[in-house]
Colleague: 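After the structure tokens below, expect a handful of questions from me.
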There are 6 protein chains.
Amino acid sequence: MITALCPGSFDPPTNGHIDVIRRTAGFADRVVVAVVGNPSKAAMFPPERRVELFRETVTEWTDIDTRFDVIAHHGLLVDLVEPHGIDVIVKGVRAGDDYQNEHRMAQMNRSIGGVETLLLPTSPEWSFVASSLVREIVRLGGSVEHLVPPAVQRALGETR
Amino acid sequence: MITALCPGSFDPPTNGHIDVIRRTAGFADRVVVAVVGNPSKAAMFPPERRVELFRETVTEWTDIDTRFDVIAHHGLLVDLVEPHGIDVIVKGVRAGDDYQNEHRMAQMNRSIGGVETLLLPTSPEWSFVASSLVREIVRLGGSVEHLVPPAVQRALGETR
Amino acid sequence: MITALCPGSFDPPTNGHIDVIRRTAGFADRVVVAVVGNPSKAAMFPPERRVELFRETVTEWTDIDTRFDVIAHHGLLVDLVEPHGIDVIVKGVRAGDDYQNEHRMAQMNRSIGGVETLLLPTSPEWSFVASSLVREIVRLGGSVEHLVPPAVQRALGETR
Amino acid sequence: MITALCPGSFDPPTNGHIDVIRRTAGFADRVVVAVVGNPSKAAMFPPERRVELFRETVTEWTDIDTRFDVIAHHGLLVDLVEPHGIDVIVKGVRAGDDYQNEHRMAQMNRSIGGVETLLLPTSPEWSFVASSLVREIVRLGGSVEHLVPPAVQRALGETR
Amino acid sequence: MITALCPGSFDPPTNGHIDVIRRTAGFADRVVVAVVGNPSKAAMFPPERRVELFRETVTEWTDIDTRFDVIAHHGLLVDLVEPHGIDVIVKGVRAGDDYQNEHRMAQMNRSIGGVETLLLPTSPEWSFVASSLVREIVRLGGSVEHLVPPAVQRALGETR
Amino acid sequence: MITALCPGSFDPPTNGHIDVIRRTAGFADRVVVAVVGNPSKAAMFPPERRVELFRETVTEWTDIDTRFDVIAHHGLLVDLVEPHGIDVIVKGVRAGDDYQNEHRMAQMNRSIGGVETLLLPTSPEWSFVASSLVREIVRLGGSVEHLVPPAVQRALGETR
């Protein structure tokens, strides 16, 4: 049995993130989604709200919903390894410069916690979607309906 | 139970490759190492010899040696998925341009065979080691003792 | 007849930007320069001042000055397409990591507005010039005379 | 009126190439597709056959087929500029390392022939498709039906 | 005799920085380490404290300690060239996107001050270490003992 | 006193190479230019002819010509270190993917020979010039007069 950790700031969760955690559930038995909140950054949604948005989304996948845990986390990723029985970290990566950052984070997490990170190439159709772009479009009054899951779409309707 | 496929031309296998397949055995239950031979390229060792070199190497890891299969393969990677019960492909990647090629290969293999590829960042100490550099050093008469596993080192002694 | 949109934050306009919009006028019949102001960032010049700096610059090109419109814009780029009759967006790109961001922005703008983006490689002589570097040099008391057009040079004289 | 040159080795033409030339016809009035044959490379199809494959493909677009010229060319790209009235070169580029090569080719062509090159980001769904990957899949006996236009699909049926 | 300038924000100095300045002393006769403080950024240590941390570190290298000068600097790098007799700037660079920024900074410094910059590839074992990652680990309560020199380790003990 | 080694295949030497060795002579006391010939590649000029072309070029710099040695070399670079008293290797690098290869070569040469490599960013005006592009233009009948030094220009006149 393999348990995978999918960490991120997810502010907000996008269809790209959803694609990564669903595909991770295709080869891992259990997936822990950890919402990492950096308090020094202004956020679109507070970390706890992002946890709820993932939970609402996962609940819609009735065939595999029992295989996901969604948690908020405020410390080092490696501190999750033992309590949650994590075997590997899985991160989605887009082509290009994303890789350099993830490569370093992976080597750092292995250096300080002995845990491996596996990088999962994004699906082509979500390769250009990033939370920062979604926030920018929302700020400028555009629609992100085709870029985020329904739960986020509903939440954006509330916040605006 | 998870079965991982580690493919490559491995001409010759380097300490970087060895590091990747050992680390893959850290989270996968079984590892299939597939030596892919491109007949249009002149090779240092024929594919069958590379298979032997991996087998000699794996045999030295007496605690985990039963978890490895080493095979030669001359077709599409996706043709290995069903007969070998492959769950995921795992490829080691170095920082930089390696990622672009692997990213595309991953998307292609998912497109034609529905199989996922997970990219595993190289260990820093092997980040500069590539089979092509090893071949070049050998061609120019240098020593690669610290870059390849003992079985390859012995085989190079024979071939020169 | 083709109308190109050249958007940017242009804080301040550099010789690299000037080079891109002049070269765009070499194949487009009309060029709309849109100064995009992100209110959440502290600026060297307010967006309206940047519009003036471009207008002063364009006026000096008496042979082609009637082919430029310079505007400030505070919404999505795709909202400019219909009112200004935009056929394509043209962005200057330097070698390296610039491309990844522009690639994603291009795919995003096509996704939300159906408009194409064409990337124009910078001229080698301006390949290292960025507004952020110009701001840094000015902040540290250096001269940017050879990096910005005369109108910006004059404006910097005023502000310091 | 603007005339765009879309050059490439196109061995074979892929859905990615088709996407680029169709999108180029969306903002250019006329598109010259130039099949560039490097005689030093072994080819899947000879340049003249690739020209035919494009012509068959273009003919199926009855609404815009009169706007394409397809030619074979064996010299410098810049030699096509005057005889064909080329205003700009348009090249499709995928994320990542593609850009570096195209950036240099663009600066070189401007240096020797004064012609501008515009880089058009690939559509996400074709971002991983390259002629070299298509040739590799075909060589290994796989299907490329979803990666190439019908004319190429038919031609591959003939050649195998 | 050659004098090298090693500039950086060094907040805090890491083993990667230490590796670069020691290796620079391997081919340069004198090394000027310049701590560049950007007042607009919140810092872990003020620039003057970073200077002290380097001085404590250098003092431990009793065989070569007389060859280092450590200074704080608040202006353009090129302003250090004449007063300190700088022949070249030396910057450590990790694989990947680091290079693009350093490439531009190098061309800019040559453009405004006529001074050359030489880029020194990081040692593989420190290739993933960056001051920003060190600050993040410290912020989250992790240990960075194996990533920073003893003087920084002691200072972190004081500040927490 | 510092002696720098500038290695390359230089087939043919370009203005980019000339720029790098001249700039190296700006901070090094002596420069050894080593023409490295890979016998497995078809060449425009044999290595010995490339040595002559550099010698002719250097002779024209009467103020600094005594500071250059030009040699052909067929072994490992690190074998040149002791006999020629090399302190550092200096390689010119263009923006982008060049860096990844040079980064690895640098780490490899340090690993097998203990010699450091310093990477010198190309001058912007030569950033797009590569020997392979020069060979391609010559093959297609174009002029490379503005891309190569006079000695190479004369030699190309002879060979065609």
Side-chain angles (χ1 to χ4, degrees), chain E residues 1-6 16 19-32 67 77-78 81 84-128, chain F residues 1-6 16 19-32 67 77-78 81 84-128:
Chain E
M1 206 192 96
I2 197 164
T3 299
L5 172 66
C6 289
D19 177 66
V20 166
I21 71 169
R22 274 210 74 130
R23 287 164 61 201
T24 299
F27 59 83
D29 302 281
R30 204 162 60 87
V31 179
V32 178
R67 293 162 56 194
L77 282 190
V78 297
V81 172
H84 289 266
I86 302 301
D87 295 296
V88 286
I89 298 173
V90 176
K91 294 290 298 276
V93 277
R94 294 167 299 184
D97 47 355
D98 252 27
Y99 273 114
Q100 312 305 328
N101 284 332
E102 295 299 343
H103 192 90
R104 280 176 204 158
M105 290 297 296
Q107 292 184 328
M108 183 62 93
N109 278 318
R110 190 166 169 234
S111 150
I112 63 180
V115 63
E116 298 283 7
T117 300
L118 298 167
L119 305 178
L120 184 64
T122 49
S123 296
E125 62 267 37
W126 307 120
S127 61
F128 60 90
Chain F
M1 208 196 93
I2 198 165
T3 299
L5 172 66
C6 289
D19 178 65
V20 165
I21 71 169
R22 274 209 75 130
R23 288 163 61 199
T24 299
F27 59 84
D29 302 282
R30 203 161 61 88
V31 178
V32 178
R67 293 163 58 193
L77 281 190
V78 297
V81 171
H84 289 268
I86 302 301
D87 294 296
V88 286
I89 298 173
V90 176
K91 293 291 299 275
V93 277
R94 293 167 299 183
D97 47 356
D98 253 26
Y99 273 115
Q100 312 305 327
N101 284 332
E102 295 299 342
H103 192 90
R104 279 176 205 158
M105 290 297 296
Q107 292 184 327
M108 183 63 90
N109 278 318
R110 189 166 170 233
S111 150
I112 63 179
V115 63
E116 297 283 8
T117 300
L118 298 166
L119 304 179
L120 183 64
T122 49
S123 295
E125 62 266 38
W126 307 120
S127 61
F128 60 89

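Every chain is numbered from 1 and lettered A, B, ... according to where its sequence line falls, protein lines coming before strand lines.
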Colleague: List the atom of His103(E), the atom of Arg94(F), and the distance in Å for their closest heavy-atom pair.
Modeller: CE1-C, 3.7 Å
Colleague: Do any of residues 117-126 of chain E have a heavy atom less than 4.5 Å from a heavy atom of chain F, and if so, which, in residue order?
Modeller: Thr117(E), Leu118(E), Leu119(E), Leu120(E), Pro121(E), Thr122(E), Ser123(E), Pro124(E)
Colleague: Go through the structure and list residues passing salt bridge (charged side-chain N to carboxylate O under 4.0 Å, His left out) with Asp87(F), not counting sequence neighbours.
Modeller: none
Colleague: Please identify, among Gln107(E), Arg23(E), Glu116(E), the residue contributing the most non-hydrogen atom pairs under 4.5 Å to chain F.
Modeller: Arg23(E)
Colleague: Please find the pair of heavy atoms, one from Phe27(E) and one from Ile2(F), that lie closest to each other, and give the distance.
Modeller: O-CD1, 3.5 Å
